[in-house]
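In what follows, chains are A, B, ... by sequence order, proteins preceding strands, each numbered from 1.
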Number of protein chains: 2
Amino acid sequence: MKLSTTIRYGTRLMLDMAKQGDKGPVRIRTIAKRQGISEKYLEKIVRLLRKGGLVDGLRGPGGGYVLALPPDKITMADILEAVQGKVELCPCLDEPEACIKHLSCKTRKVWGEINQIIWTKLQGISLADLRDSVCPSEEEMEPADKLMQF
Amino acid sequence: MKLSTTIRYGTRLMLDMAKQGDKGPVRIRTIAKRQGISEKYLEKIVRLLRKGGLVDGLRGPGGGYVLALPPDKITMADILEAVQGKVELCPCLDEPEACIKHLSCKTRKVWGEINQIIWTKLQGISLADLRDSVCPSEEEMEPADKLMQF
DNA sequence: TATAAAAATACCTCATTGGTATGTTTTTGT
DNA sequence: ACAAAAACATACCAATGAGGTATTTTTATA
């Protein structure tokens with residue numbers, strides 16, 4: 001019931017890219033510095049996002065990563081699915097046959113509903129939504145203070 | 001984003017006790033056998049529930065555990081809090097000062113809302129609710145088939 | 001009062017995962 | 001040819017989840 005840093009870092013990475021706009025490929029090193037996250041760890045995460053089709057990787061000099069879709073087409077649900085896969089709260093939601101009570105089990109029903117709520121909510125929030133809700137005083141901050149924890 | 005067995009076992013344990021009604025103290029060994037869960041592991045979990053004030057432990061021969069409250073006064077939220085403490089999805093929900101953007105950060109708002117939804121939902125479901133939604137064919141089952149996974 | 005039943009306590013193990021670091025290989029623009 | 005960057009492989013450490021063993025304390029009762 002805790003969010004892994006993979007999700008939080010992944011979201012920050014994607015949001016960082018969305019904020020840069022369309023200035024061409026962004027080096028992972030740049031984002032790592034800007035966000036105060038380990039470069040190599042971010043590399044690993046961004047590769048998950050690439051496999052999920054959310055970013056494109058461009059090799060060679062001048063290369064880097066770009067969003068594969070416009071920010072309003074990428075949702076938090078997409079990011080979560082890319083870095084963690086479809087996550088279910090408990091096994092019986094994935095495989096009903098794992099529990100013979102799956103039809104009548106109220107506990108299962110509860111977890112299923114919560115699962116659904118989370119999913120629906122994250123699907124409704126795009127990178128554009130996140131980008132457009134910046135902190136008003138953000139521009140005045142020192143770079144070090146711009147770190148977001150999420 | 002996955003439920004630990006602590007929560008699932010804890011819930012099963014509490015539900016098992018609720019189903020027994022008021023027949024006096026129940027040995028942890030009995031529940032462990034009935035639920036197909038490691039006895040020693042269940043012991044550890046039930047002690048968390050005791051510290052949380054949800055069950056009372058009675059030592060000596062004929063002893064065991066009893067619910068500390070009537071089943072309709074114990075909610076799934078109570079159980080979760082007893083075995084895991086108040087769990088927040090991300091650190092900034094607990095300690096806003098951990099992130100300078102806490103006032104404007106939309107991501108934080110999202111996690112906070114999801115947190116709230118989960119909490120409210122679990123608070124609304126009592127052991128009595130769970131107990132009264134049994135499987136119709138449960139009585140006909142072999143003991144081994146009564147295992148619930150949750 | 002001795003005994004046995006049960007909770008309570010204190011450890012310890014082991015596998016998995018999360019988070020990070022280091023080094024190498026492949027691609028590609030110049 | 002060279003250098004920049006992604007891509008890949010691997011190893012490490014700490015924390016956690018899941019479970020086990022052994023001992024101590026309390027208490028009913030024979």
Taking every heavy atom of A:Leu54 against every heavy atom of A:Ala82, the minimum-distance pair comes out as CD1-CB, 3.9 Å
B:Thr5 vs D:dA18: side-chain N/O to OP1/OP2 distance below 4.0 Å:
yes
Rounded to whole Å, the CD-P distance (B:Gln35 to D:dA18) equals 16 Å
Given the options A:Met14, A:Lys19, A:Met76, A:Leu130 meets side-chain contact (heavy atoms from CB on, under 4.5 Å) only with A:Met76
Rounded to whole Å, the CD-P distance (B:Gln84 to D:dT16) equals 12 Å
A:Leu48 CG to D:dA9 P, in whole Å, measures 13 Å
Residue pairs meeting salt bridge (Lys or Arg N to Asp or Glu O under 4.0 Å), one or both in residues 66-75 of chain B, sequence neighbours left out, come to none
### A:Arg27 side chain near D:dA4 phosphate (N/O to OP1/OP2, under 4.0 Å)
no
**Message:** Less than 4.5 Å apart, side chain to side chain, heavy atoms only: is that true for A:Glu39 and A:Leu42?
**Reply:** no
From NZ of A:Lys2 across to C1' of D:dG17 the rounded distance in Å is 16 Å
Discussion item. With a 4.0 Å limit, can you tell me whether B:Tyr9 has a side-chain N or O closer than that to the phosphate oxygens OP1/OP2 of D:dG17?
Written reply: no
Given protein heavy atoms under 4.0 Å, the one-letter contact record of nucleotides 20-30 of chain D, with B base, S sugar-phosphate only and - none, is simply BBB--BBBB--
Assign each of B:Val26 and A:Leu3 the nucleotide of DNA chain C bearing its closest heavy atom; nearer the 5' end lies the nucleotide of B:Val26
From CD1 of A:Ile37 across to P of C:dG19 the rounded distance in Å is 11 Å
A:Leu49 CG to D:dA6 P, in whole Å, measures 14 Å
Exercise for review: Please tell me if the side chains of A:Ile7 and A:Ile79 come closer than 4.5 Å, counting only heavy atoms from C-beta onward.
Suggested key: no
Check whether any side-chain heavy atom of B:Trp111 lies under 4.5 Å from a side-chain heavy atom of B:Leu89, and answer yes or no. yes
Atom CZ of B:Arg29 and atom C1' of C:dA4 are separated, to the nearest Å, by 12 Å
With a 4.5 Å heavy-atom cut-off, do B:Ile37 and B:Tyr9 have their side chains touching? yes
### Task
Look at the side-chain N and O atoms of B:Thr6 and state whether any lies under 4.0 Å from the OP1 or OP2 oxygen of D:dG17.
no
Taken to the nearest whole Å, CD1/A:Ile45 to C1'/D:dC8 is 16 Å
